[in-house]
Amino acid sequence: MSKRLIEVKDLSIQFRSERSWVTAVSRVSFHIGAGETVGLVGESGCGKSVSSLAIMGLLPDRRTCRAQGEILYEGRDLFSCDRESMRRIRGNRISMIFQEPMTCLNPVVPVGKQIAEAIRLHNRPDRREIDARVVSLLAMVGIPDPKGAAKRYPFELSGGMRQRVMIAMVMSCSPQLLIADEPTTALDVTIQAQILDLIRGMKEKSGAATLMITHDLGVIADICERVIIMYAGQVVEEAEKFELFDHPAHPYTAALLKSIPSLSNKGKKLYSIRGSVPSPGSIEKGCVFAPRCSLAKPRCLAERPELRDIAGGHLCRCWEVD
Ligand SMILES: Nc1ncnc2c1ncn2[C@@H]1O[C@H](COP(=O)(O)OP(=O)(O)O)[C@@H](O)[C@H]1O
Ligand SMILES: [Mg+2]
């Protein structure tokens, strides 16, 4: 097994509501090995983004948000890092791309200049070297006329092109861990495939470990080695990709797999899971998925199942699976 690059241990995250704290992420544990690609999958509102923001040290401030547990990066606890070391880790070691690049690109600065800034943060080559590097990065991520594109403002580029710019920025600092939070969700289907190819290519070239966050198991199919399924703030299943696709154990995973559009069910109405993700803290006892689960028994509504190993590293949180 590869060395553990990052290890999330018993991570819980609460947000302040009017009267109390509500738990959005509950005792989540997982690890990512050096160079490994892991998928983090679940419907919207399951706690995927806040978990990744915790890794990045970017959770909202303590008055509104608090976290417990440990996040170890090469054995070092990120929660006890001071702000400056965290900023350095974020710049050099762990990078993130988001669903909507506009949230992290500065709208009033040409994209080439923003990439140049990112390069300058990490090393200090001279101006000409930086300009050449900006153009080569833009070319590498498939932006036509990279020299001209460098002078453009983010709003002058399409969503797909902006995501390419973000990827160029990430590549400028060759991180050891890349977190991609729904990088293709906001894009057209044809562009989605191109961006995924680009991420895959970048990953292969740089050997960076990747946490690929998505609500779409279809995205996971050809990019990840291992998959973690999250539901309502908990990990409900974890397995190697092929094991998960061939033997999904948790009813939630099975339902997610059934809702992937495929050629074989073309023309039929697409399956969708009844109901919706509960709001944080609203299910106090029993399995968090029980209210939507077609297999739920009285015990499922009464007692909370633990995550347990059901077959050589295949983890599942369900009373009905043995
Ligand atoms: N800043 C915040 N303040 C209050 N609640 C939040 C905040 N950010 C996220 N949440 C809540 O935490 C839960 C998980 O959110 P999130 O991690 O964004 O889900 P996902 O990325 O899986 O769609 C949601 O119920 C969301 O409403
Ligand atoms: Mg999210």
Side-chain angles (χ1 to χ4, degrees), residues 6 8 10-30 32 38-69 71 78-79 94-104 159 162-163 166 177-187 192 195-196 199 210-220 223-224 227-238 250 252-253 255-256 259-260 272-273 275-284 287-289 291-292 307 317:
I6 197 126
V8 174
D10 267 336
L11 174 68
S12 295
I13 299 168
Q14 291 101 23
F15 287 102
R16 186 171 211 128
S17 73
E18 272 166 34
R19 268 176 263 124
S20 58
W21 292 87
V22 291
T23 300
V25 168
S26 178
R27 301 192 55 198
V28 162
S29 298
F30 63 87
I32 304 171
V38 174
L40 184 59
V41 185
E43 288 163 287
S44 186
C46 284
K48 308 180 298 295
S49 292
V50 289
S51 302
S52 59
L53 290 175
I55 297 175
M56 292 290 286
L58 291 174
L59 285 174
D61 80 83
R62 293 206 178 140
R63 276 165 300 179
T64 55
C65 177
R66 60 186 193 193
Q68 301 85 36
I71 298 177
L78 296 186
F79 278 153
I94 309 179
S95 289
M96 187 158 173
I97 45 183
F98 298 88
Q99 178 174 335
E100 183 32 84
M102 271 317 251
T103 52
C104 10
R162 284 200 291 261
Q163 201 57 288
M166 279 308 301
L177 174 67
L178 168 67
I179 302 177
D181 189 357
E182 312 244 13
T184 61
T185 302
L187 305 173
Q192 278 185 11
I195 297 292
L196 285 178
I199 294 175
T210 306
L211 180 65
M212 177 59 91
I213 301 178
T214 175
H215 63 273
D216 181 356
L217 262 175
V219 165
I220 295 298
I223 203 164
C224 296
V227 186
I228 297 160
I229 309 282
M230 257 186 104
Y231 183 75
Q234 297 182 336
V235 172
V236 296
E237 184 160 7
E238 179 186 330
H250 199 284
Y252 181 57
T253 311
L256 284 178
S259 33
I260 302 178
S272 73
I273 312 171
S276 52
V277 179
S279 56
S282 63
I283 297 185
E284 282 167 10
C287 167
V288 285
F289 188 58
R292 298 174 78 189
L307 192 64
R317 187 192 290 278

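Just the heavy atoms: all of them, side chains too, but no hydrogens, waters or symmetry mates, feed the values below. Every number for a ligand or one of its atoms is a count from 1 in the order of the listing. Treat the numbers as computed from the prediction; the structure is a model and nothing was measured.
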- line: Protein-derived N, O or S atoms lying less than 2.8 Å from the Mg ion (ligand 2), waters not counted, sum to 1

- prompt: Below 4.5 Å, heavy atoms only, C-beta onward: do Thr184 and Asp216 meet side chain to side chain?
  reply: no

message: Quiz question: by atom type and distance under 3.5 Å, do the side chains of Glu182 and Thr214 form a donor-acceptor pair?
response: no

task: Look at atom 19 (O) of ligand 1 and say which protein heavy atom is nearest, naming residue and atom and giving the distance to 0.1 Å.
output: Gly47 N, 3.3 Å

Distance-only N or O hit between ligand 1 and Gly45, under 3.5 Å: yes

- line: Under 4.0 Å from one or more heavy atoms of Ser44, ligand 1 contributes atoms 23 (O)

task: Identify, for atom 18 (O) of ligand 1, the protein heavy atom at the shortest distance, and state residue, atom and that distance.
output: Ser49 CB, 3.7 Å

field: atom 12 (O) of ligand 1 [closest protein heavy-atom partner, distance rounded to 0.1 Å]
entry: Ala24 CB, 3.4 Å

message: Are the side chains of Ile94 and Ile6 in contact, using a 4.5 Å heavy-atom criterion?
response: yes

task: Write out the residue and atom name of the closest protein heavy atom to atom 26 (C) of ligand 1, then the distance separating them to 0.1 Å.
output: Pro280 CG, 4.9 Å

- prompt: Closest heavy-atom contact between Ile260 and Gly218?
  reply: CD1-N, 3.8 Å

- request: Search all heavy atoms of Leu307 against all heavy atoms of Val235 and return the closest pair with its distance.
  value: CD1-O, 3.6 Å

task: Output, in order, the C-alpha distance, side-chain angles, deciding distance and verdict of side-chain hydrogen bond (donor to acceptor under 3.5 Å, both in side chains) for Thr185 and Gln99.
output: CA-CA 6 Å; Thr185 302; Gln99 178 174 335; 4.6 Å; no

task: Could you find the nearest protein heavy atom to atom 2 (C) of ligand 1 and give me its residue, atom name and distance?
output: Phe15 CE2, 3.3 Å

message: For the OG atom of Ser20 and the CD atom of Gln14, what is their distance to the nearest 0.5 Å?
response: 10.0 Å

query: What residue and heavy atom of the protein are closest to atom 17 (O) of ligand 1, and at what distance?
result: Val50 N, 2.9 Å

- request: Specify the closest pair of heavy atoms between Tyr231 and Ser276, including all atoms of both residues, with the distance to one decimal.
  value: OH-O, 4.0 Å

message: Tell me whether the count of non-hydrogen atoms from other residues, nucleotides or ligands lying under 6.0 Å of CZ in Arg66 goes above 12.
response: yes

message: For ligand 1 and Ser51, I'd like to know whether there is a polar contact (N/O to N/O, distance under 3.5 Å).
response: no

query: Could Glu43 and Arg292 be called an ion pair, given the rule that one side-chain N must be under 4.0 Å from one carboxylate O?
result: yes

